[in-house]
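Below: one structure, written as structure tokens.
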Amino acid sequence: MWRAVVLFLCLAAVGYGASWLADRPGAISLQWLGLRVETSVGVLAAALLVLLAVVVTVYKVWAWIRDAPEALRRNRVTNKQRRGYDALTKGLVAIAAGDAKEARRLSDRAGNLLDEPPLTLLLSAQVASLEGDESGARKRFQELAEHPETEFLGVRGLLVQAKRAGDTKAALALAERAFQLRPDATWVVSELFSLQAQQEDWSAAQTTLSHGLKRKLLPESEAQRNRAVVAYGQAMSAEARGEHKMALDHAKQSHKYDPDFIPATALAARMMTTLGQMRRARKLLEEAWGHAPHPELAAAYADMHPDESAEARRERLRKLAALKPDHEESFIMLAQAAMACSDWDDARKQLEAIETPNPDARFCRLMADLTERSGGDMAQARDWLRRAANARFHAAWVCGDCGRQVLTWAPHCPECHAFDSFRWKAPHIAPPALLSELSAMSEEDTEPEPAPAPAEEEAKPAA
């Protein structure tokens with residue numbers, strides 16, 4: 001729109017100038033080298049314009065001839081770069097598709113066409129990783145880390161390799177370097193926190209977590225759970241050092257961050273018991289039991305008075321069970337307490353109160369133990385163990401990533417090293433303890449039956 005307006009104004013100005021000169025023709029006389037030229041002002045102006053156009057045309061032709069070699073060189077470079085970037089893009093696509101052979105061909109082509117080592121090094125490193133050449137990939141990632149513009153990419157590649165190789169110490173050092181380069185990257189903060197927690201450097205992990213929360217790099221719900229785990233780790237470390245007061249403070253903090261975190265609640269209660277805070281420990285466990293009964297809570301409650309008699313402990317556990325009288329864990333807890341007092345009838349009553357058409361393996365093992373200890377039929381006890389082999393498995397701490405089961409909750413899975421992956425749920429495979437028990441039962445079944453004792457000779461009748 002504006003261009004049309006400007007063009008119209010220019011044409012109007014030219015027309016006005018031509019009209020002005022036509023109304024004022026004038027005369028110009030020029031004598032030079034014996035020549036005399038007489039003309040009007042309009043003709044002279046037109047001649048000057050033609051001369052100017054010829055000069056400009058000649059200059060442009062000369063400039064084009066002068067710049068042609070450089071223009072041709074730039075054109076070749078541009079085409080070469082275009083083909084190089086095209087090979088780079090297709091190489092990345094080949095890597096994503098898992099085509100190592102095609103990715104290698106395109107990587108070599110991009111390296112020949114592009115004079116930008118960082119980009120081609122990145123593609124070469126990815127190709128080497130795809131081909132399983134860890135040494136070659138490491139070399140290229142190190143070269144990437146030496147360029148300021150690609151240092152972060154190189155450090156990240158080296159970090160992934162260190163984790164893959166299980167070198168946690170090197171991975172932590174690389175994560176710290178990446179954090180210095182990109183402190184606001186969510187991936188970096190999460191990775192650094194995980195590695196610090198894996199090394200049980202809880203103080204550093206807490207600092208990193210606080211940084212992530214301050215910069216809003218982590219979801220609030222996830223951060224609260226991580227806070228609880230870090231505080232629990234600090235509590236466990238303090239307990240190992242014999243610093244029970246500090247262990248209690250950290251355990252209470254963990255329970256505050258996540259009231260449903262059973263291990264922290266049980267640890268806090270144990271530390272209260274150790275420090276003689278029986279009333280607080282009992283209140284904490286009773287509140288947790290009323291919310292969600294758990295075997296660890298029952299164990300911590302039972303161990304509050306280690307020197308008391310079995311009958312006194314049973315009475316205390318009855319008060320705890322009264323908070324959730326219809327819960328399966330309450331029946332199991334009371335059945336175990338009754339068995340400790342040799343009250344076999346009450347133990348059987350508690351177990352039979354669990355109304356389920358499909359009892360789990362723990363129930364079957366308890367019934368087998370009860371039958372054996374109460375002097376019942378051993379064949380029936382073995383039958384309960386056989387039923388346990390085919391029964392659904394009771395809940396345990398199971399890793400959500402690899403399925404590993406542990407007796408005690410841990411911040412990291414010993415199998416896959418996943419952070420905070422254990423959850424209390426029914427496993428998909430038999431717990432090791434059950435497998436061991438079933439193996440022992442099988443060995444017992446295969447033992448030969450003892451030979452019957454020889455019958456005593458009947459006394460002969462007196463003559």
Side-chain angles (χ1 to χ4, degrees), residues 228 232 248 251-252 254-371 373-374 384 391-397 407-409 423-426:
Y232 178 79
L248 174 59
K252 288 168 62 178
S254 178
H255 175 73
K256 178 181 177 182
Y257 287 136
D258 188 356
D260 296 330
F261 190 23
I262 297 298
T265 305
L267 178 59
R270 290 202 304 271
M271 291 300 98
M272 290 177 181
T273 300
T274 302
L275 296 173
Q277 302 176 11
M278 301 298 182
R279 180 177 299 178
R280 292 184 177 180
R282 183 170 59 254
K283 182 179 178 181
L284 178 64
L285 290 173
E286 289 175 352
E287 289 179 354
W289 187 270
H291 178 66
H294 192 277
E296 289 190 25
L297 299 176
Y301 198 86
D303 295 339
M304 287 180 59
H305 300 281
D307 297 331
E308 68 181 346
S309 64
E311 191 60 43
R313 179 174 301 174
R314 181 184 180 185
E315 289 301 318
R316 285 195 307 107
L317 293 176
R318 281 176 175 169
K319 296 178 181 179
L320 181 64
L323 300 174
K324 281 284 186 177
D326 298 328
H327 199 278
E328 177 182 350
E329 293 297 334
S330 295
F331 292 126
I332 293 293
M333 179 179 63
L334 292 179
Q336 292 173 334
M339 291 172 65
C341 297
S342 300
D343 190 347
W344 316 120
D345 292 337
D346 185 57
R348 190 177 303 276
K349 175 183 176 182
Q350 298 296 337
L351 291 176
E352 292 176 349
I354 301 176
E355 298 180 358
T356 172
N358 183 23
D360 59 27
R362 179 180 62 165
F363 177 89
C364 295
R365 294 197 303 274
L366 281 174
M367 288 298 295
D369 189 27
L370 174 61
T371 303
R373 293 175 60 183
S374 63
W384 275 112
R392 60 185 176 88
F393 305 120
H394 179 62
W397 292 114
L407 298 177
T408 305
W409 187 93
R423 294 295 182 268
W424 185 256
K425 61 181 182 179

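For clarity, every value in this text was computed on a predicted model and none was experimentally measured.
- Here Leu366 contributes atom CG and Arg348 contributes atom CZ; the two are 12.0 Å apart, rounded to the nearest 0.5 Å.
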ask   = Given Met339 and Trp344, is the side-chain contact (heavy atoms from CB on, under 4.5 Å) satisfied, shown in steps?
value = CA-CA 6 Å; Met339 291 172 65; Trp344 316 120; 4.2 Å; yes

request  = Could you walk me through whether Lys349 and Glu352 pass salt bridge (Lys or Arg N to Asp or Glu O under 4.0 Å), step by step?
outcome  = CA-CA 5 Å; Lys349 175 183 176 182; Glu352 292 176 349; over 6 Å; no

query = Going through the distances and angles, do His305 and Met278 end up as a side-chain contact (heavy atoms from CB on, under 4.5 Å)?
reply = CA-CA 9 Å; His305 300 281; Met278 301 298 182; 4.3 Å; yes

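- In this structure, Asp369 pairs ionically with Arg373, as a charged nitrogen and a carboxylate oxygen lie closer than 4.0 Å.
- Of the residues listed (Glu329, Gln336, Met333), the one engaging Pro295 in a side chain to side chain contact (heavy atoms under 4.5 Å, CB included) is Glu329, and it is the only one.
- Ser254 and Ala228 make their closest contact through OG-O, 2.7 Å (heavy atoms, listed as atom of the first residue, atom of the second, distance).
- Rounding to the nearest 0.5 angstrom, the gap separating the NE2 atom in His394 from the SG atom in Cys364 is 12.5 Å.
- Nearest heavy atom pair, residue Lys252 against residue Ala268, reads N-CB, 4.4 Å.
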query = Given Arg282 and Glu287, is the salt bridge (Lys or Arg N to Asp or Glu O under 4.0 Å) satisfied, shown in steps?
reply = CA-CA 9 Å; Arg282 183 170 59 254; Glu287 289 179 354; over 6 Å; no

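- For the atom pair OG1 (Thr273) and CG (Leu284), the distance works out to 9.5 Å, reported to the nearest 0.5 Å.
- In this structure, Arg280 places its CZ atom where only 12 or fewer heavy-atom neighbours from other residues, nucleotides or ligands lie under 6.0 Å away.
- To the nearest 0.5 Å, the span separating CD on Gln350 from CD1 on Ile332 amounts to 9.5 Å.
- Using a 4.0 Å cut-off between charged nitrogen and carboxylate oxygen, Arg314 and Asp346 count as a salt-bridge pair.
- The shortest distance between side-chain heavy atoms of Trp384 and Thr371 falls below 4.5 Å.
- Here the shortest heavy-atom pairing between Pro359 and Phe363 reads CB-CD2, 3.4 Å.
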message = Before you tell me yes or no, could you show the steps for Trp409 and His294 under ring pair (Phe, Tyr, Trp, His ring centres under 6.0 Å), namely the whole-Å CA-CA distance, both residues' side-chain angles and the distance that decides it to 0.1 Å?
response = CA-CA 13 Å; Trp409 187 93; His294 192 277; over 10 Å; no

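- Atom CE of Met304 sits about 10.0 Å away from atom CG of Leu320, to the nearest 0.5 Å.
- Looking at every heavy atom in both residues, Phe331 comes nearest to Ile354 through CB-CG1, 3.6 Å.
- Looking at Glu286 and Lys283, no side-chain N of the basic residue comes within less than 4.0 Å of a carboxylate O on the acidic one, giving no salt bridge.
- A distance of 12.5 Å separates CG of Leu267 from CD1 of Ile262, quoted to the nearest 0.5 Å.
- Remark: Arg316 is positioned above the aromatic ring of Tyr301, its terminal NZ or CZ atom under 6.0 angstrom from the ring centre and at most 45 degrees off the axis.
- Taking 4.0 Å as the cut-off between side-chain N and carboxylate O, Arg270 and Glu296 do not count as a salt-bridged pair.
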